[in-house]
Amino acid sequence: MFLVLALGFFAYWRWFYNTESKQQIHPIKQYTIQKGALFSDDDVPTLSALNHEMSIISARASQSLVTISAVGSTLSNRMNYNGHGASRIVSRKQGSGVIVSSEGHIITNFHVIDGQSYIQVVLDDGTVETARLVGSDNMLDIAVLKIDVKEPLKPIPFGDSDQVQTGNFVMALGTPYGWTKTVTQGIVSGRDRQMGSLGVNYIQTDATIHQGNSGGPLINIYGEMIGINSSVLAAGRTASGTLGFAIPSNLVLQAFKQICEHGRPMRGYLGIDFIEPTPRIRELIHYVEDKGAIINLVRYNSPAERSGLKVGDVVLECNKSEISNRTELLRKLETLQGGDVIKFVVWRQGKKVNINITLDDMAKEVEHNMTSLLASHGIRARNLTLEELSFNINGVYIEKVNTSNISTGTVYEDMGIRTGDLIVGVDNQRIYSLKELNEKLKRPVILNLIRGNRLFRIRVDMTRSVVTSAESGFNNV
């Protein structure tokens, strides 16, 4: 009886389940589809015109857009599966570029082709060409490529990035994730955005920029290139959480001309860093105005130092133009070349001082650094900034210790001086500048330095490139 009841219950459950889950199909042969648009061009003339014009702009500008594929290889330090030798690792990079001359010159980001030995370019019509590197501006992140052409190409025109205003309509062209001729639209979200230590005034946009857009153009409504898409700042994991940044076209054009004519950028080197006149810093130097740019750092043996500029000076004028803030001064300096003369009017301890400076070529910056005994040992050092000095400390800051190309017997990082050390004295006497330190290093000395919260004493002989001993104390500072 139990078995009969169980089978009956199971049969009922199957019948009930099939009945409930089975979809009932009821064909309806009569239906009406709405025909025609809700609005005509006459109803939305502005949007209609904008829709048409945006299509024309993107179609014409895309003719100058190219896809870049770069391949390179490096030797791995690890042994291969047989346990012999080093294996070769193949690296591939993909990005975008833009044709800027009818002869076949192409501009892209340096990081797209950095370290790659073989570069291919895919043109608008699908033609694949091999490109060669003409030159690059690594600091600006610009590279110039050249392909051989049989017929003139269609270059994109350069726009004047100085005329770009916040709120202007823009389009970002590129090849994100391999999707060719991708166009995103937005506005200029901001100007003069500072990223990194170079001092480039980037253009910020909300036009979506993804991986692969690097090197593509940012264009205005006239089809002019006003920037090269360079980087994004992610505020989240979605596209809506990113900010795009483009290198201004005026800087790109200048770098392009210099690379084509000289083989490298001819950027001028001044050797200073400057900050906004914040209330705290103004109080520190007894400066009552809220305009100008305050010199925060003067590099050792730089044109700035040789001309007499000092930390704490406030730049009020540059080449007879008034300087209201740090951004204005950056804009004046970013296009200058080696050999150019700039005329500063600076405020110094209540007086105005006129200073003329002849810029060096940026390529000579390494030579300036190598005049230091520390630099000859692979150690890059600098004076303290005004902000650091405001905390009542003194000394010389060690920016980097490079031991990769130094022979045995030199000042090794693991034996003595390390990155981040603050050298505060020599032979128990305080020092205040890199120039003063270099003078004292011409003989064997004991360096007094702060590392973390401890005071160390290290005996060095820079003239013989030997650390003779090292001892540490445990004093909290």
Side-chain angles (χ1 to χ4, degrees), residues 139-140 160-168 187-205 226-227 230-231 233 243 245-251 254 267-299 302-305 307-337 340-357 359 362 383-390:
M139 297 179 65
L140 191 59
D160 186 355
S161 55
D162 287 342
Q163 301 302 316
V164 173
Q165 299 296 323
T166 301
N168 287 167
I187 63 170
V188 173
S189 305
R191 290 185 47 182
D192 302 326
R193 301 306 195 198
Q194 301 290 314
M195 297 177 63
S197 59
L198 178 58
V200 177
N201 292 312
Y202 289 88
I203 298 172
Q204 179 189 336
T205 179
I226 59 170
S230 178
S231 58
L233 179 63
L243 302 175
F245 297 90
I247 307 168
S249 58
N250 288 357
L251 294 183
Q254 182 187 46
R267 184 178 293 109
Y269 173 59
L270 177 57
I272 64 171
D273 181 27
F274 33 87
I275 56 177
E276 298 285 3
T278 61
R280 176 172 170 271
I281 297 298
R282 293 200 330 251
E283 182 180 1
L284 178 68
I285 63 175
H286 307 293
Y287 178 63
V288 297
E289 302 289 339
D290 61 352
K291 62 180 181 180
I294 300 178
I295 295 180
N296 190 43
L297 171 69
V298 177
R299 290 281 180 185
S302 64
E305 185 186 60
S307 69
L309 281 176
K310 300 180 181 299
V311 170
D313 287 349
V314 184
V315 181
L316 303 177
E317 293 183 16
C318 177
N319 290 341
K320 299 183 179 180
S321 295
E322 186 174 331
I323 300 300
S324 299
N325 51 50
R326 179 178 182 269
T327 299
E328 284 190 4
L329 182 55
L330 277 172
R331 197 176 296 165
K332 291 287 184 184
L333 298 177
E334 64 186 3
T335 58
L336 296 177
Q337 304 180 28
D340 289 347
V341 177
I342 55 177
K343 298 180 179 180
F344 278 169
V345 176
V346 302
W347 177 95
R348 178 184 296 167
Q349 298 179 351
K351 299 179 181 179
K352 288 186 178 181
V353 181
N354 295 302
I355 296 179
N356 296 335
I357 311 167
L359 298 182
M362 180 64 79
N383 295 317
L384 296 184
T385 67
L386 180 62
E387 292 175 303
E388 292 166 338
L389 291 170
S390 67

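No hydrogens, no waters, no symmetry mates; every other heavy atom, side chains included, goes into these values. All residue numbers in this chain count up from 1 along the given sequence.
- Under the side chain to side chain donor-acceptor pair (under 3.5 Å) criterion, Ser321 pairs with Lys332, not counting sequence neighbours.
- The side chain to side chain donor-acceptor pair (under 3.5 Å) check on Thr385 picks up Glu388, with sequence neighbours excluded.
- Taking the side chain to side chain donor-acceptor pair (under 3.5 Å) definition, one finds that Asp192 meets it with Arg331, sequence neighbours left out.
- With sequence neighbours left out, Gln337 forms a side chain to side chain contact (heavy atoms under 4.5 Å, CB included) with Gln254, Gln258, Met266, Asp340.
- Every residue two or more places apart in sequence or in another chain that forms a side chain to side chain donor-acceptor pair (under 3.5 Å) with Asp162 is listed here: Asn250.
- Contact of the Lys343 side chain with the Asn354 side chain is not registered, since no non-hydrogen atoms from C-beta on lie closer than 4.5 Å.
- Counting all heavy atoms, side chain and backbone alike, Tyr202 lies closest to Pro248 at CA-CD, 4.2 Å.
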- Show the numbers, then the answer: is there a side chain to side chain contact (heavy atoms under 4.5 Å, CB included) between Ile342 and Leu359? CA-CA 8 Å; Ile342 55 177; Leu359 298 182; 4.0 Å; yes

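- For Ser230 (side chain) and Phe245 (main-chain N/O), no donor-acceptor pair under 3.5 Å exists by modelled atom type.
- Interatomic distance, Phe344 CZ to Leu270 CG, rounded to the nearest 0.5 Å: 5.5 Å.
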Taking distance alone, no hydrogens or angles, what donor-acceptor pairs closer than 3.5 Å link side-chain atoms of residues 307-317 to residues at least two apart or in another chain?
residue: Ser307; atom: OG; partner: Pro303; partner atom: O; Å: 3.3
residue: Ser307; atom: OG; partner: Ala304; partner atom: O; Å: 2.8
residue: Asp313; atom: OD1; partner: Arg348; partner atom: NE; Å: 2.9
residue: Asp313; atom: OD2; partner: Lys310; partner atom: N; Å: 2.9
residue: Asp313; atom: OD2; partner: Arg348; partner atom: NE; Å: 3.4
residue: Asp313; atom: OD2; partner: Arg348; partner atom: NH2; Å: 2.7

Side chains of residues 281-293: which donor-acceptor partners sit under 3.5 Å, not counting sequence neighbours?
residue: Arg282; atom: NE; partner: Glu289; partner atom: O; Å: 2.9
residue: Arg282; atom: NH1; partner: Pro277; partner atom: O; Å: 3.2
residue: Tyr287; atom: OH; partner: Lys291; partner atom: O; Å: 2.9

